[in-house]
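Take a look at the structure below.
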Amino acid sequence: ETGTPLYMSLYPEGSTDGGIRLGNIVPDFAMDTTQGSFDSFHEWKKEKWAILFSHPADFTPVCTTEIGRLALKYDDLEAMDCKVATLSVDPV
C-alpha cells in the first residue's frame with residue numbers, strides 16, 4: 001500500500017478561497033505540450049503522483065533556475081513513477 005491515503009488526509013481536496021494549495025486536487029484541463037496535445041490532465045497522470053510546476057513566463061530569473069533544478073531531478077522522479085508537468089502562460 002502506498003502513503004497516498006495518509007498524505008491526502010493531511011490536506012483538503014480544495015481551498016475555501018478558490019486558490020490552489022499544496023495537496024489540493026488540481027482541476028482537470030486540456031493542454032498543448034511539447035510532447036503533443038492532451039485532452040485531460042487527470043487522464044495523463046492517472047494513478048500516479050505528479051508535480052505540476054507553474055511559472056509566470058519563460059526566461060524569468062527565479063523560474064528558470066527552479067525549472068532547471070527540477071530538470072536535474074527528472075530521472076529520479078521518473079524512476080519513482082512520478083510525472084512532471086510545467087505550466088506556463090507562454091505558447092508551446
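We number each residue from 1, following the sequence as shown.
Cluster membership check: Met80 shares its hydrophobic cluster with Val84, using side-chain heavy-atom separations under 4.5 Å among Ile, Leu, Val, Met, Phe, Trp and Tyr.
Taking the side chain as every heavy atom from C-beta outward, Asp81 and Trp49 never approach each other to under 4.5 Å. Between Ile51 and Thr86 the shortest side-chain heavy-atom distance does not fall below 4.5 Å.
The NZ atom of Lys48 lies 9.5 Å from the CD atom of Glu78; values are rounded to the nearest 0.5 Å. With rounding to the nearest 0.5 angstrom, the NZ atom of Lys46 is 4.5 Å from the CD atom of Glu43. Taking CG of Asp39 as the reference point, atom CG of Asp28 lies at 9.5 Å (rounded to 0.5 Å).
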List the steps and the verdict of side-chain contact (heavy atoms from CB on, under 4.5 Å) for Phe53 and Ile67. CA-CA 8 Å; Phe53 185 93; Ile67 289 171; 3.2 Å; yes

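Closest heavy-atom contact between Lys83 and Lys45: CD-CA, 3.9 Å.
In terms of modelled atom types and a separation under 3.5 Å, the side chain of Asp32 and the main chain of Ser37 share no donor-acceptor contact. His42 places no side-chain N or O within 3.5 Å of a backbone atom of Phe29 that could act as its donor or acceptor partner.
In this structure, Phe38 and Trp44 have perpendicular ring planes: the angle between them is above 60°, well past the 30° mark.
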